[in-house]
Amino acid sequence: DLHLSIRRQRQMCIRDSLDAGQYTFQVQVKSTVTGQYSKPALLRIHVNYAPWLSPVAYTLYAAVIIVVISIWVRFRQLRRRKLHVMANYDHLTSLPNRALLLNRLRQAIASSRRSRTPIALFFIDLDRFKQVNDSLGHEFGDLLLKEVSTLFTTSLRSEDTLARIGGDEFVVLLERFNSVNDLAHIAQKIIDIVQKPFTLHNNLVSVGASIGICLLYTSPSPRDRQKS
């Protein structure tokens, strides 16, 4: 996933070791999510050898430099991945957040226009969640949200998008379904799952779910009409 290009400022090359001189390493990190390369980051290293050092020492010195560069690039990649997760996923449930949901919704709308098929959105609100927070505390409320998120994830298909947009509010994006009856069946399945009591640290908690369903029928864009 790493693309490393090396540009020298002098007429030197890397063979068995690095010659003395100043090197500029131009590093680009490729995202494993989008597949795009980041802006080049420059890493300048000045290599100065003593005349009494042996060629073996030169080679070891070059190996250390390459290892340091690899660690530095890996650190930048992990940092970018961490920032991506923080910007697009909910910190409590690890579900997609509002920003990632909107991004996937735009892609779903574009795909719907091309295929001329509808998409559906489920807006889920947990009932009596505030009572759990007020009576047992936010710790139990967070634990309940994690349990509910796990149940929702297992009840949906892997191709569906389940997002938490804040508090006790969830949204499900469905792009492929056969009929409205399928949507009603999925919604009832979610309601039945949430109605079962939850055990949170020896405390029995009962909540419910209210679901609003939105169907989006998109017409093809003028460009898609010309293609068809």
Side-chain angles (χ1 to χ4, degrees), residues 1-3 27-39 41 71-112 119-130 132-133 136-177 183 186-187 189-191 193-194 196 198-201 205 207-216 218:
D1 297 332
L2 301 178
H3 175 70
V27 182
Q28 289 180 283
V29 179
K30 182 180 179 181
S31 172
T32 57
V33 179
T34 63
Q36 298 179 348
Y37 288 100
S38 65
K39 294 181 180 179
I71 295 175
W72 181 77
V73 171
R74 181 60 178 170
F75 172 78
R76 285 180 59 90
Q77 186 185 39
L78 292 177
R79 183 173 178 271
R80 288 177 60 87
R81 186 177 300 174
K82 182 179 179 180
L83 292 176
H84 173 79
V85 171
M86 292 175 59
N88 294 279
Y89 290 89
D90 178 58
H91 70 282
L92 179 64
T93 61
S94 299
L95 295 176
N97 60 13
R98 186 187 299 268
L100 184 55
L101 173 65
L102 292 177
N103 184 29
R104 293 186 179 179
L105 180 59
R106 284 191 290 265
Q107 296 178 5
I109 292 175
S111 176
S112 174
I119 59 177
L121 286 173
F122 285 5
F123 295 89
I124 307 174
D125 187 17
L126 296 183
D127 301 331
R128 299 184 297 276
F129 176 77
K130 187 176 184 299
V132 175
N133 261 345
L136 299 178
H138 292 284
E139 178 184 356
F140 287 86
D142 292 344
L143 185 59
L144 177 61
L145 289 175
K146 292 180 181 179
E147 293 286 343
V148 170
S149 300
T150 302
L151 291 178
F152 284 170
T153 303
T154 56
S155 64
L156 296 172
R157 302 170 299 182
S158 59
E159 61 197 56
D160 301 328
T161 297
L162 171 65
R164 179 183 176 224
I165 60 175
D168 59 345
E169 299 175 346
F170 298 85
V171 173
V172 179
L173 170 63
L174 300 100
E175 300 185 49
R176 285 181 290 274
F177 51 90
L183 300 179
I186 296 173
K189 183 179 179 181
I190 294 175
I191 293 175
I193 287 176
V194 178
K196 296 180 180 179
F198 294 86
T199 303
L200 308 176
H201 297 320
V205 175
V207 294
S210 300
I211 301 180
I213 302 177
C214 174
L215 276 176
L216 177 62
T218 58

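If you're wondering where the values come from, they're calculated on a predicted model, not measured in any experiment.
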Could you give the distance from [atom1] ([X]) to [atom2] ([Y]), rounded to the nearest 0.5 Å?
X: I119; Y: F177; atom1: CD1; atom2: CZ; value: 8.0 Å
X: I186; Y: I191; atom1: CD1; atom2: CD1; value: 12.5 Å
X: R106; Y: L101; atom1: CZ; atom2: CG; value: 9.5 Å
X: I109; Y: E175; atom1: CD1; atom2: CD; value: 10.0 Å
X: I165; Y: F123; atom1: CD1; atom2: CZ; value: 7.0 Å
X: L121; Y: L183; atom1: CG; atom2: CG; value: 10.5 Å

Less than 4.5 Å apart, side chain to side chain, heavy atoms only: is that true for [X] and [Y]?
X: K196; Y: L151; answer: no
X: L95; Y: F152; answer: no
X: D168; Y: K130; answer: no
X: Y89; Y: N97; answer: no
X: I190; Y: F122; answer: yes
X: L143; Y: E139; answer: no
X: I211; Y: F170; answer: no
X: R164; Y: S149; answer: no

Identify the two heavy atoms, one from [X] and one from [Y], that lie closest to each other, and give their separation to 0.1 Å.
X: A120; Y: L215; result: CB-CD2, 3.9 Å
X: G208; Y: R128; result: N-NH2, 3.3 Å
X: A99; Y: A87; result: CB-O, 4.0 Å
X: K189; Y: S155; result: NZ-O, 3.4 Å

One pair to check against side chain to side chain contact (heavy atoms under 4.5 Å, CB included): L200 and E147. What are the steps and the verdict? CA-CA 9 Å; L200 308 176; E147 293 286 343; 4.2 Å; yes
Side chain to side chain contact (heavy atoms under 4.5 Å, CB included) with L162: of T153, L173, T93, only one passes, and it is T153
Under the 3.5 angstrom rule, does the side chain of T154 hit a backbone N or O of T150 as a donor-acceptor pair? yes
Regarding S210 and D127, is there a side-chain donor-to-acceptor distance under 3.5 Å anywhere? yes
For T161 and L100, run side chain to side chain contact (heavy atoms under 4.5 Å, CB included): C-alpha distance rounded to whole Å, both residues' side-chain angles, the deciding distance at 0.1 Å, then the answer. CA-CA 10 Å; T161 297; L100 184 55; over 6 Å; no
Any chance CD of E169 has more than 12 other-residue heavy atoms, nucleotides or ligands included, within less than 6.0 Å? yes
